[in-house]
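Since the model is a prediction, treat every value here as computed from it, not as a measurement.
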Amino acid sequence: MTGTPGVPAACDTPDGPATPEGLARFNAAPAAVAEELLLSCCHSPRWAERVTAHRPYPTLDALLAAADEAGYDLSAADRQDALAAESSAAPHPDAPPAAHTALRAAHAAYESRFGHAFVISLDGVRPGERLDQVLAGIRSRLANEPDEERVVAADELRRLARARLAHHIGAALAPGPALAYGAAPFSVQASGMR
C-alpha cells in the first residue's frame, strides 16, 4: 500500500460523488470535537484551529491538502510544540530483546542530539519492515545538522499528521492499523513493529 491508508477521497454514486461517512462526521462535528481529533494527529493548536476553520471539506483529498498547507505554515515554535508532544515508540513486545535495546539506544541518541522524539511516517511500509526502517532512519538522520534535521522532522511531522488524519477520517471505510510511527492513538507503537 502506498500513499495514505486505502481510503477513497470520494465514492461515485448515481447522484455524483458521495462524501465518505467519516468526512461527513468531521465536517458536521462541533469545532471543539474536530480540533480534539486534529490534535491527536498533530499537537499544534494553531494547525488544528486552521484546519477546523476551513470546514466543510468536499473530499478527503481537500481535507488532506488543507492539513498539508496548514502544516507548512506553522511557525518554528508551533512545530517545536508539536514535536514535543510526540514520544518514542517501542518495538512489538514479541520483538527480540536486542531490538528493544537497539531501538532504545537509537531513540536516546536522537533525542539527546535534537531535543525531541524521532518522528517518521511509515505510510506504505510493510509491518515486518517498520523496525528496520525506523532504525535506519534514526541512524541516517543523526548525521544531520540541527537546521537540516528541523526541516526533515517538520516534513515527517506533516506526513505523519496526514496519515493519522486519513486514518481517523477513513476508519469507517478502511479499518486496520495506521501506517505511522509516533505518539497518537492510530500510530504504530507497541503493536505492529517487529
Side-chain angles (χ1 to χ4, degrees), residues 3-5 7 9 20 22-90 107 110-125 130 133-134 137-138 141 144-171 177-190:
T4 56
V7 180
L23 181 61
R25 285 193 310 265
F26 175 77
N27 283 332
V33 171
E35 286 178 17
E36 182 179 341
L37 178 135
L38 290 165
L39 286 170
S40 73
C41 299
C42 176
H43 196 75
S44 166
R46 182 171 177 242
W47 178 83
E49 290 165 5
R50 182 166 175 198
V51 174
T52 298
H54 288 91
R55 294 178 306 157
Y57 294 98
T59 64
L60 179 60
D61 285 341
L63 169 59
L64 296 176
D68 284 345
E69 183 180 331
Y72 282 110
D73 291 343
L74 290 179
S75 69
D78 291 328
R79 278 191 304 276
Q80 191 58 36
D81 288 347
L83 287 168
E86 298 292 331
S87 65
S88 301
H107 278 299
Y110 181 90
E111 290 174 21
S112 174
R113 176 151 166 76
F114 298 113
H116 59 80
F118 176 77
V119 291
I120 187 170
S121 174
L122 296 175
D123 193 17
V125 176
R130 291 178 182 159
Q133 186 75 26
V134 170
I138 292 173
R141 288 169 50 188
N144 290 346
E145 291 299 320
D147 287 342
E148 180 184 7
E149 181 56 22
R150 273 190 283 280
V151 172
V152 173
D155 186 53
E156 289 296 327
L157 186 64
R158 279 189 297 278
R159 292 179 63 221
L160 186 54
R162 179 184 177 93
R164 289 170 175 167
L165 182 56
H167 180 78
H168 278 301
I169 299 301
L179 301 175
Y181 174 80
F186 295 96
S187 58
V188 175
Q189 288 193 13

Which heavy atom of [X] sits nearest a heavy atom of [Y], and at what distance?
X	Y	answer
Phe118	His107	CB-ND1, 4.0 Å
Gln80	Gly115	NE2-O, 4.3 Å
Ala48	Thr52	O-OG1, 2.8 Å
Ala34	Arg55	CB-NH1, 3.6 Å
Thr59	Ala62	OG1-N, 3.0 Å
Leu74	Ser44	CD2-OG, 3.4 Å

With a 3.5 Å distance limit and no angle check, can you tell me whether [X] reaches the backbone of [Y] through a side-chain donor-acceptor pair?
X	Y	result
Arg162	Ala67	no
Arg50	Trp47	no
Glu111	Ala117	no
Arg79	Ala153	no

Set of ring-ring contact (aromatic ring centres under 6.0 Å, His included) partners for His116, sequence neighbours left out: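 If we apply the ring-ring contact (aromatic ring centres under 6.0 Å, His included) test to His116, skipping adjacent residues, the hits are Tyr110.
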Say you draw a straight line from [atom1] of [X] to [atom2] of [Y]; how long is it, rounded to the nearest 0.5 Å?
X	Y	atom1	atom2	answer
Leu37	Ile169	CG	CD1	5.5 Å
Arg158	Ser121	CZ	OG	12.0 Å
Ile120	Asp155	CD1	CG	11.0 Å

Indicate yes or no: at least one non-hydrogen side-chain atom of [X] is less than 4.5 angstrom from one of [Y].
X	Y	value
Pro146	Arg113	yes
Arg141	Glu156	yes
Leu63	Asn27	no
Leu122	Leu160	no
Leu60	Phe26	no
Glu86	Leu157	yes

Under-4.0 Å salt bridge between Asp123 and Arg159: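 Between Arg159 and Asp123 there is no salt bridge, as every charged N stays at least 4.0 Å from the carboxylate O atoms.
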